[in-house]
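Everything below concerns the one structure shown next.
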Amino acid sequence: MCGRYASSRRPEDLIEEFEVVESRVPAPLEPDYNVAPTKEVYAVVERPPSKESEEPPERQLRVLTWGLVPSWAKDPSIGNRMINARMETVAEKPAYKRAFARRRCLLPADGYFEWYPTAQLTQAGKPRKQPFFIRPKDHGVLAMAGLYEIWRDPSKADDDPDRFRWTCTVITTDAEDSVGHIHDRMPLMVERDRWHEWLDPTVEGQGNLLDLLVPAAPGQLEAYPVSTLVSNVRNNGPELVEPLPLDDVPEELR
């Protein structure tokens, strides 16, 4: 799964990187080195200019809440449990099926965190977990495949600007060999040459969409141990993605 990631790039950098036409970011988010579910995150989407317009979809940068709330949900708290969608079932599960068909997005990240169970035991007798930061070897942006939904809050008036809640989820797949020893799942990355098709809401047909869900070629990522400070969501700062000093790395991982 993907339960934490880092996102420190400025919106103007993401606008350039993803060739965004319009920014719908009301105010820049602070650099976040410990993005956790229910936090606000940047997302790249493509939206029709209006329902009546025949103009092509427009690429936008938006701020969404991590944890997808389906349009049919009665309670938005369901989003707390829907931070990841499995690639293998994303086209079939009721919670994701509609979004997969028309509301796909890219979630930019510096990298993501996973926890490796070591041979050391805690006082409770469970394996002590060592966090790793996993990022592109070239230190470029990690474009994670995502879905988004727009949930109408029935408790808010029709003229309330906050009546719609925009939420998202990260699609996961089997981890590639170079990081699979840390965790068996990883975020699905979308290669640059597939960005347009993945985002385009006019691309339909389950077969066409599933063909886009191809795990990235192996060898593009690097992983290294980081401080256990990242395990507490209240900790946040660039030190969380710094490599752990060798003396602090469990012996089995050196």
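Note that the structure is predicted; figures quoted are calculated from it, not measured.
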With under 30° as parallel and over 60° as perpendicular, where do the rings of Phe113 and Phe133 fit, or are they tilted in between? tilted
Does the side chain of Asp110 come under 3.5 Å of the side chain of Ser8 through a donor N or O and an acceptor N or O? yes
Indicate yes or no for a side-chain donor-acceptor contact from Arg24 to the backbone of Val63 under 3.5 Å, with no hydrogens or angles considered. no
Can you see which heavy atom on Pro108 is nearest to which on Tyr5, and at what distance? O-CE1, 3.9 Å
Pairwise distance CZ(Arg86) to CG(Leu188) - rounded to 0.5 angstrom: 12.5 Å
Indicate yes or no: at least one non-hydrogen side-chain atom of Cys105 is less than 4.5 angstrom from one of Val44. no
Evaluate the side-chain proximity of Asp162 to Asp153: yes if any heavy-atom separation is below 4.5 Å, no if none is. no
How about CZ on Arg163, more than 12 heavy atoms from neighbouring residues, nucleotides or ligands closer than 6.0 Å, or not? yes
Backbone N or O of Phe18 within a donor-acceptor pair of the Arg59 side chain at under 3.5 Å? yes
For the residue pair Ser231 / Trp115, report whether a side-chain donor-acceptor contact shorter than 3.5 Å exists. yes
As a quick check of understanding, evaluate salt bridge (charged side-chain N to carboxylate O under 4.0 Å, His left out) for Arg9 and Glu16, giving each step before the final call. CA-CA 11 Å; Arg9 285 170 169 80; Glu16 180 179 358; over 6 Å; no
Mind checking whether Ile150 and Leu68 sit in one hydrophobic cluster, side chains of I, L, V, M, F, W, Y counted as touching below 4.5 Å? no
Closer than 4.0 angstrom, basic N to acidic O: yes or no for Asp200 and Arg194? no
So, for Asn34 and Lys39, which heavy atoms are closest and what is the spacing to 0.1 Å? O-NZ, 3.0 Å
I'd like to know if the side chain of Thr122 reaches the main chain of Lys126, judged simply by a donor and an acceptor atom lying under 3.5 Å from each other, with no hydrogens or angles considered. yes
Is the side chain of Lys137 donor-acceptor paired with the backbone N or O of Gly219 at a distance under 3.5 Å, no angle test? yes
Using a strict 4.0 Å threshold on nitrogen-to-oxygen distance, state whether Glu149 and Arg102 make a salt bridge. no
Do any N or O atoms from the side chain of Asn84 and from the backbone of Cys2 form a donor-acceptor pair under 3.5 angstrom? yes
Spatial distance of atom CG (Leu61) from atom CD (Glu12) [nearest 0.5 Å]: 10.0 Å
Single-linkage hydrophobic cluster, 4.5 Å side-chain cutoff, Leu210 and Leu212 together: yes
Carefully, step by step, assess Lys93 and Phe100 under the rule side-chain contact (heavy atoms from CB on, under 4.5 Å). CA-CA 10 Å; Lys93 290 213 168 184; Phe100 180 66; over 6 Å; no
Donor-acceptor contact present, side-chain Arg104 to main-chain Ala101, <3.5 Å: yes
Determine whether the aromatic ring centres of Trp66 and Tyr42 lie less than 6.0 Å apart. no
Shortest non-hydrogen separation from Thr169 to Ala85 and the atoms involved: OG1-N, 3.6 Å
With a 4.5 Å heavy-atom cut-off, do Leu221 and Met189 have their side chains touching? yes
Do Leu240 and Leu229 have side-chain heavy atoms sitting under 4.5 Å apart? yes
Strictly by modelled atom types, are Glu222 and His139 linked by a side-chain donor-acceptor pair under 3.5 Å? yes
So, the side chain of Thr65 versus the backbone of Thr38: is there a donor-acceptor pair under 3.5 Å, distance only? no
Is it the case that more than 12 heavy atoms not belonging to Arg254 sit under 6.0 Å from its CZ atom? yes
Give the C-alpha distance, both sets of side-chain angles, the deciding distance and a yes or no for side-chain contact (heavy atoms from CB on, under 4.5 Å) between Ser71 and Arg98. CA-CA 9 Å; Ser71 58; Arg98 290 182 183 178; 3.6 Å; yes
Which residue is it: Thr228, Val230, Asn235, Asn236? I am looking for the one with a side-chain contact (heavy atoms from CB on, under 4.5 Å) to Asn232. Asn235
Sub-4.5 Å side-chain heavy-atom contact between Glu46 and Glu58: no
Working to the nearest 0.5 Å, report the span between CD of Gln120 and CZ of Arg128. 6.0 Å
For Val190, does its backbone N or O pair with a side-chain atom of Trp195 as donor and acceptor, under 3.5 Å? yes
Short side-chain donor-acceptor distance under 3.5 Å, Glu176 and Ser178: yes
Got a second to check how far Arg47's CZ is from Leu199's CG, nearest 0.5 Å? 12.5 Å
Has the side chain of Arg165 got a donor or acceptor atom that lies under 3.5 Å from a matching backbone atom of Leu64? no
Can you check whether Met186 reaches Ile134 side chain to side chain, under 4.5 Å on heavy atoms? no
Compare all side-chain heavy atoms of Leu213 with those of Glu88 and state whether any distance is below 4.5 angstrom. no
Joint hydrophobic cluster, Val45 plus Ile15, side-chain heavy atoms closer than 4.5 Å: no
Heavy-atom distance under 4.5 Å between the side chains of Pro187 and Ile171, does that happen here? no
Going from CG on Leu106 to CH2 on Trp198, what distance comes out if it is rounded to the nearest 0.5 angstrom? 8.5 Å
Looking at Glu252, I want to see if its CD is surrounded by more than 12 non-hydrogen atoms of other residues, nucleotides or ligands under 6.0 Å. yes
If Ile, Leu, Val, Met, Phe, Trp and Tyr residues are connected whenever their side-chain heavy atoms lie under 4.5 Å apart, and connections chain through other members, are Tyr148 and Val90 in the same group? no
Looking at Lys97 and Glu92, does any basic side-chain N land under 4.0 Å from a carboxylate oxygen? no
Distance from His183 atom NE2 to Lys129 atom NZ, nearest 0.5 Å? 7.5 Å
How close do Val41 and Cys168 get, counting heavy atoms only, and between which atoms? CG2-SG, 3.8 Å
Determine whether the side chains of Arg185 and Thr172 contain a donor N or O and an acceptor N or O closer than 3.5 Å. yes
Same cluster or not: Tyr96 versus Trp166, using hydrophobic residues (I, L, V, M, F, W, Y) connected whenever any side-chain heavy atoms lie under 4.5 Å apart? no
So which heavy atom on Gly3 is nearest to which on Ile83, and how close? CA-CD1, 4.1 Å
Return the minimal non-hydrogen interatomic distance between Pro225 and Gln130, and the atom names on each side. CB-NE2, 3.7 Å
